[in-house]
Amino acid sequence: MTVAKEYKPTEIEPKWQARWAEDRLYEAHEDPARQKYYTLVMFPYPSGDLHVGHWYNYAPADAFARFQRMHGFNVMHPIGFDAFGLPAENAAVKRGIHPFTWTVGNIERMREQLRSLGSVFDWSREVATCFPDYYRWNQWLFLQFYNKGLAYKAKKPANWCPSCNTVLANEQVVDGACERCGTIVTRRDIDQWLLRITDYADELLDFSRIDWPEKIKIMQTNWIGRSTGAEIVFRAESGQEIPVFTTRPDTTFGVTFMVLAPEHPLVEQLTTSARRQAVDEYVEQARRATEIERLSTEREKTGVFIGSYCLNPLNGERVPIWVGDYVLYTYGTGAVMGVPAHDTRDFVFARRYGLPIPVVIAPPGWEGGELPEAYVGEGAMVNSGQFDDLPSKEGIERVIEYLEEHGLGKRRVNYRIRDWLISRQRYWGTPIPIVYCDTCGVVPVPVEDLPVLLPEDAEFRPTGESPLKLHHGFVNTTCPICGQDAVRETDTMDTFVDSSWYFLRYTSPNDDREPWDREKVGYWLPVDQYMGGAEHAVMHLLYSRFFVKALRDMGLLDIDEPFTHLFNQGIITKDGTKMSKSRGNVVNPDDFVSRMGADTVRAYLMFIGPWDQGGDWSDQGIAGVYRYMNRAWNLVQAVLLAGLPSGEPAAGEQSPGVRDLRRWTHKTIRRVTEDIERFRFNTMLAALMEFTNYLGSVQGSEVARTPAWSEAIRTLLLLLAPTAPHLAEEMWHELGLPYSIHNQPWPSWNEALAAEEQITLVVQVDGKVRERLNVPVGIGDEEAKGQALASANVRKFLDNRRVANVVYVPGRLVNIVTAK
RNA sequence: GCCGAAGUGGCGGAAUGGCAGACGCGCCUCUCUCAAAAAGAGGUGAGGGUUCCCUCAUGUGGGUUCGACUCCCACCUUCGGCACCA
């Protein structure tokens, strides 16, 4: 005689975790005979503590991976650590711990925490980017990019974070401040390494091969910022060419001034001596302005006339040249033709400095007067010589043709995106494998000399200077070509380089001959389902696409896109605000795991709401899910005591009770399956709760002695397995069913069994519900309308009214419309 | 300013043209208990009438429709992204 056991998650969870690990249950192996499925979560930065936000990312993803496994796919669900980055270096400065020690310690702690989640991660494939066996391949890949001309060095004004003491990529500057520490970014001219992502701008705009959230595609599209137009060459009176980029060549006859960015080299050349002092002062002041001041749209548009003129190539008019800091040196040609009548910024500028504002595109109904504001829409060209009367849209084409015929300009596409700046003046990153030799110049480190190791005995100074620069043993080397004394590049790589290809490394994490095994990558890639936060929209997700395309063109890959499907989960909050240490509202999942078990924490995070919308953690809310786990446990305990009826449910005539039971079972399979496929874990759990509540209500009845009852109980456990893997495994085991539940096929539903026999026919009078009738599901049109009209409650409302129309929606409702 | 998402009970949310509020939290009543906790049963949008029923109700205002949380137009609020990109 068995006795009902209490649900003790803390006992069963570690037990099964150990068993699964021992049996290597979740290790993935290439098998050409089976359909692969690569599910991936964004790997974490090893900050040292797994918080509930990580769980929110990983628990539903894990349930999804388990679901796909049970569906028969050969699933790979790897995990690793994005282990390079500034916090480790800060810890080194603050607490005197070496970044390596700090990071490795954190990885060890997080590994244990990640295991407590009860996940399906294949730990045999773990990668950590800070080890030489990983970062040597960053260096190897850098050299491939370098050889193809996709990596280059340039001295350009760059975003400089004075607190992190490093330059930042454009993508890492948010509202003019450092993405990481919030310090206002300044500009500095620094020699730095860049990757030519702009070469792939057009291809990156093509999303036709991937199924990604609209939102991310829009963000990437806007970030790339493709605009089409023309480059028009104005010529200064002293002969210099001043090309400008414009999207509106049709407005060229309306140019009344030219504005150069303060950094533009021609400012120096074209400034007349009379204007020299004013211009120098203006340029100096513009340079001092912080990025945030300069980028503010509220800021007055200012500028200074530099004394020279250039000529409008279309009408030969003399155009005064100004310098103004609303023109960005880094976009287009760093010079703008001022068309005040048809550009809002030029309009304000012209108003401020009293420059003429001639109309060259007639707004609808325009009668030749002055414009109250810039007109940026379409219209007929006017005051434009031979182009007069052309619609502006056509005018754009005609003007470009004219410019090209006369050698005055050309069609041009311009992008907002800049090349990806990967140099970082930091220690804890991948050293860029380059040597500088007085004789041979810039020399790439030969592949056979890789890796260029990070020296372990670096010195971390609070001044923030790069420890590599100060390390003579690292800096001083010999030239690989001529053998003479040379120095190493001391910049390290942006950590986004590491994460741009880690999903390839998972396929052969221990390969020491090449970054990835071509055959294995061929089997696993692309990632079928990628899951992670939307905050990486224009960084990691864009860089990875670029990497894959560039590597494909180098002949190293055969895919066009890294991630076929993408899902962005939302953010989990506490009391409506983002969890943060400073607010003191960080929820530690370990506390709840030790009280209620990992299964409950997993399930609660899935139950909170739609995964993509995020949710608010509630200590009370999780109690409800824990109660549910207990209900499910107790239900199966009772089944154990009563014994599980043997046999399979028979086909054919059954009692209404059995038909109900099987309908519930099959409907639930359908709901749960479709919900997981749509990532609707919250409604999936609601369906499981309803099913469990129903089973509890018929538990002692006749049906609980039929084979249909066994089917129902087994189904419940199978459907619960992705969400509550430990509880499901334990119950499955207790019922004497074969190990492991996680290797069982996912149940399938039978539409006929799931179909309703009776429906509630809603009867409305003039759109208001007046009656509900129980009718057979196949009820005919006439029959339904007849029953509706015959209902006493309905007749009450039809008193003294004439029926004008009766609408019948099969299987749903009857609406009786009365005449007025 | 531009682009995008979202607004539903006390709370998280469900329903994407057809019974608004599934499921859960909280709250109320009851059972068990010396008592409490746990567990279980019932109730729970608002207002009116109290077996039963009616009216109102999905950010605001219009519209389409027999019928709108759902579709269309305008507006308000919140959140996310971009922000002088010529």
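Labels below follow one simple rule: chain letters A, B, ... track the order of the sequence lines, proteins then strands, and each chain is numbered from 1. Values in this document were obtained by computation on a predicted structure and should not be read as measured data.
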>> Main chain of Leu605(A), side chain of Tyr56(A): is a donor-acceptor contact present, judged purely on distance under 3.5 Å?
In response: no
> With the sugar-phosphate defined as primed atoms, P, OP1 and OP2, and the base as all remaining atoms, what B/S/- string results for nucleotides 25-33 of chain B, 5' to 3', for protein heavy atoms under 4.0 Å?
Replying inline: SS-------
> Are side-chain N/O atoms of Ser392(A) and Glu378(A) paired as donor and acceptor at under 3.5 Å?
Replying inline: no
> Do the side chain of His342(A) and the main chain of Val360(A) share a donor and acceptor less than 3.5 angstrom apart?
Replying inline: yes
>> Measuring only the P atom in each nucleotide, how far is A20(B) from C2(B)? A whole number of Å is fine.
In response: 39 Å
> NA contact type, Arg680(A), heavy-atom cut-off 4.0 Å: base, sugar-phosphate, or nothing?
Replying inline: sugar-phosphate
> Expressed in whole Å, how much space separates the C1' atoms belonging to G9(B) and G21(B)?
Replying inline: 7 Å
>> Do Arg680(A) and Trp611(A) form a cation-pi contact, if we require the NZ or CZ to be under 6.0 Å from the six-membered ring centre and within 45 degrees of the ring's axis?
In response: no
>> When you measure from the side-chain N and O atoms of Asn682(A) to the phosphate of A14(B), is any distance below 4.0 Å, counting only OP1 and OP2?
In response: yes
> Does Glu397(A) pair with Arg411(A) as a salt bridge, N-O distance under 4.0 Å?
Replying inline: yes
> Arg418(A) near the nucleic acid: base, sugar-phosphate alone, or nothing, with a heavy-atom cut-off under 4.0 Å?
Replying inline: base
> Taking the side chain of Arg770(A) as its heavy atoms from C-beta onward, which of C3(B), U55(B), C84(B) lies nearest to it?
Replying inline: U55(B)
>> Can you check the distance between G63(B) and G13(B), where both ends of the measurement are the P atom (answer in whole Å)?
In response: 32 Å
List every contact pair, protein side and nucleotides 63-69 of chain B side both N or O, where the distance is under 3.5 Å.
residue	atom	partner	partner atom	Å
C66(B)	O2'	Asn815(A)	ND2	3.3
C66(B)	O2	Asn815(A)	ND2	2.5

> According to a strict under-4.0 Å criterion, is Lys768(A) in side-chain N/O contact with OP1 or OP2 of A20(B)?
Replying inline: no
>> Between C28(B) and G81(B), how many Å separate the two C1' atoms, rounded to a whole number?
In response: 46 Å
>> How about NZ on Lys217(A), more than 12 heavy atoms from neighbouring residues, nucleotides or ligands closer than 6.0 Å, or not?
In response: yes
> If a stem is a run of at least 3 consecutive Watson-Crick or G-U pairs, both distances under 3.5 Å, which stems include RNA chain B?
Replying inline: B:1-7 with B:76-82, B:10-12 with B:23-25, B:26-31 with B:39-44, B:45-48 with B:53-56, B:59-63 with B:71-75
> Expressed as a whole number of Å, how far does the C1' atom of G59(B) sit from that of U55(B)?
Replying inline: 22 Å
>> Is it the case that the side chains of Thr330(A) and Arg418(A) hold a donor-acceptor pair, with the cut-off being a distance below 3.5 Å and no angle test?
In response: yes
> Which part of the nucleic acid does Val769(A) contact within heavy-atom distance under 4.0 Å: base, sugar-phosphate only, or nothing?
Replying inline: sugar-phosphate
>> Does Phe797(A) reach a base, just sugar-phosphate, or nothing at all? Heavy atoms under 4.0 Å.
In response: sugar-phosphate
>> Whether the side chain of Asp675(A) engages the backbone of Met684(A) through a donor-acceptor N/O pair (distance < 3.5 Å, no angle test) should be reported.
In response: yes
> How would you label the contact of Ser227(A) with the nucleic acid (heavy atoms, under 4.0 Å): base, sugar-phosphate, or nothing?
Replying inline: sugar-phosphate
>> Any base atoms under 4.0 Å from Asn693(A), or only sugar-phosphate, or nothing? Heavy atoms, all strands.
In response: sugar-phosphate
> When you compare A57(B) with G67(B), how far apart are their P atoms, in angstrom units rounded to a whole number?
Replying inline: 15 Å
